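Taking it in order: structure first as structure tokens, then the write-up.
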Number of protein chains: 2
Amino acid sequence: MSLDEMAGCLAELGHPTRLQILRYLVKSGHAGAAVGDIQEALGIPGSTLSHHLSRMVKVGLVEQVRESRTLHCFPRFEVIESIANFLMEECCVNEACAIDTDDDTSTAR
Amino acid sequence: MSLDEMAGCLAELGHPTRLQILRYLVKSGHAGAAVGDIQEALGIPGSTLSHHLSRMVKVGLVEQVRESRTLHCFPRFEVIESIANFLMEECCVNEACAIDTDDDTSTAR
DNA sequence: ATGATAATTCTATATTTCTAGAAATATATT
DNA sequence: AATATATTTCTAGAAATATAGAATTATCAT
């Protein structure tokens, strides 16, 4: 993934509603969730939701599979993972961070 | 960090120029880099650079320490790390990803 | 065919963001 | 005091984003 593509993904993640949507999809796991499910669960107007979803699909964060009238959405786990890795490796580990954070500031693990 | 704060950080990361800036800062390590260094190294006009830096400072991705005329900038490694962790944990690990990727797609670790 | 359901596209408005030159501020040097 | 250096703030125009109602498309059921 190029720097621009990476920035593109991060930008799409960088919106509260979209982050909420992605979280919901992750929670739904591999079964995914229909657009309508998301809409009802999060209370987002259809047109707004559609807009956000299409942006996430565009950068590859979300995948959609149509089953007749219903459109199922899935998070692209590998993509999310590679973004997390990018942040860890490219932006963190080099001579800092993992070395420097002697007490574990990071939340869980 | 709240979901909104997380989204705020991700949004700031989600700009090619800012991502470049952050990378440069990380490369510079704990010595940090002066605004002028960044400006010269990346060829970004001062006002533009200042704008991007102030955004990153605002969400806590970057810290600045003034030393007379020179303003040194440092990446907040813990913040970057916690974003990476959020993506891994909150958005990835739950019943998917780490479980599902039988061959280790993630580069390091 | 008609009606219901699922979702998108169209449209418009409000708001934010990006960009960079010009002017201003703050600090150091002579 | 005058000048140079480092950086920010001001300004403004262009472009992108976000929001959501209304209209539209596609599919299914009767």
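Just so it is clear, the structure is predicted and the values come from calculations on it, not from any experiment.
In this structure, the separation between CG on Leu22(B) and CE on Met56(B) is 6.0 Å, given to the nearest 0.5 Å. Expressed to the nearest 0.5 Å, how far CG of Leu25(B) lies from CZ of Arg23(B) amounts to 12.5 Å. One finds the CG atom of Leu10(B) at 11.5 Å from the CD atom of Glu12(A) (value rounded to the nearest 0.5 Å). In this structure, the separation between CG on Leu49(B) and CD1 on Ile38(B) is 5.5 Å, given to the nearest 0.5 Å. Going from atom OG of Ser47(B) over to atom NE2 of His52(B) covers 9.5 Å, rounded to the nearest 0.5 Å.
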Task: Audit row: His72(B), Gln64(B), side-chain contact (heavy atoms from CB on, under 4.5 Å) steps and yes/no - done: CA-CA 5 Å; His72(B) 293 281; Gln64(B) 293 181 315; over 6 Å; no
Task: Audit row: Leu61(B), Arg76(B), side-chain contact (heavy atoms from CB on, under 4.5 Å) steps and yes/no - done: CA-CA 5 Å; Leu61(B) 279 167; Arg76(B) 299 274 309 278; 5.8 Å; no
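Between Ile44(B) and Ile21(B), some side-chain heavy-atom pair lies under the 4.5 Å cut-off. In this structure, Val62(B) and Arg55(B) have side chains that are not in contact, with every pair of non-hydrogen atoms separated by 4.5 Å or more. Using a 4.5 Å heavy-atom cutoff, the side chains of Phe86(A) and Leu13(B) are not in contact.
The separation between His72(A) atom NE2 and dT5(C) atom C1' is 14 Å, rounded to whole Å. The separation between Leu49(B) atom CG and dC18(C) atom C1' is 14 Å, rounded to whole Å. Taking atom CG on Leu10(B) and atom P on dT17(D), their separation rounds to 16 Å, with Å as the unit. Across the protein-nucleic acid pair, Ile44(A) atom CD1 and dA20(D) atom C1' stand 12 Å apart, rounded to whole Å. Between the CD1 atom of Ile21(B) and the C1' atom of dT19(C) there is a distance of 13 Å, given to the nearest Å. One interatomic measurement links the two molecules: CG of Leu71(A) to P of dT8(C), which rounds to 5 Å at whole-angstrom precision. Counting to the nearest Å, the P atom of dC18(C) and the CG atom of Asp4(A) are 14 Å from each other. One atom, CD of Gln20(B), and another, P of dT19(C), lie 11 Å apart when rounded to the nearest Å.
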Can you tabulate the close N/O pairs, meaning under 3.5 Å, that link protein atoms to atoms of nucleotides 24-28 of chain D?
none

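Taking the nucleotide of DNA chain D with the nearest heavy atom to each of Arg18(A) and Ser47(A), the more 5' of the two is matched to Arg18(A).
Against DNA chain C, the stretch residues 50-61 of chain A makes heavy-atom approaches under 4.0 Å through Ser50(A). Annotation: proximity of residues 35-42 of chain B to DNA chain D (heavy atom, distance under 4.0 Å) is found for Val35(B), Gly36(B), numbered in ascending order.
Among the atoms of the strands shown, only primed sugar atoms or phosphate atoms (P, OP1, OP2) are found under 4.0 Å from some heavy atom of Thr70(A).
Of the possible polar contacts, one joining the Ser2(A) side chain to the Glu5(A) backbone as a donor-acceptor pair under 3.5 Å is found.
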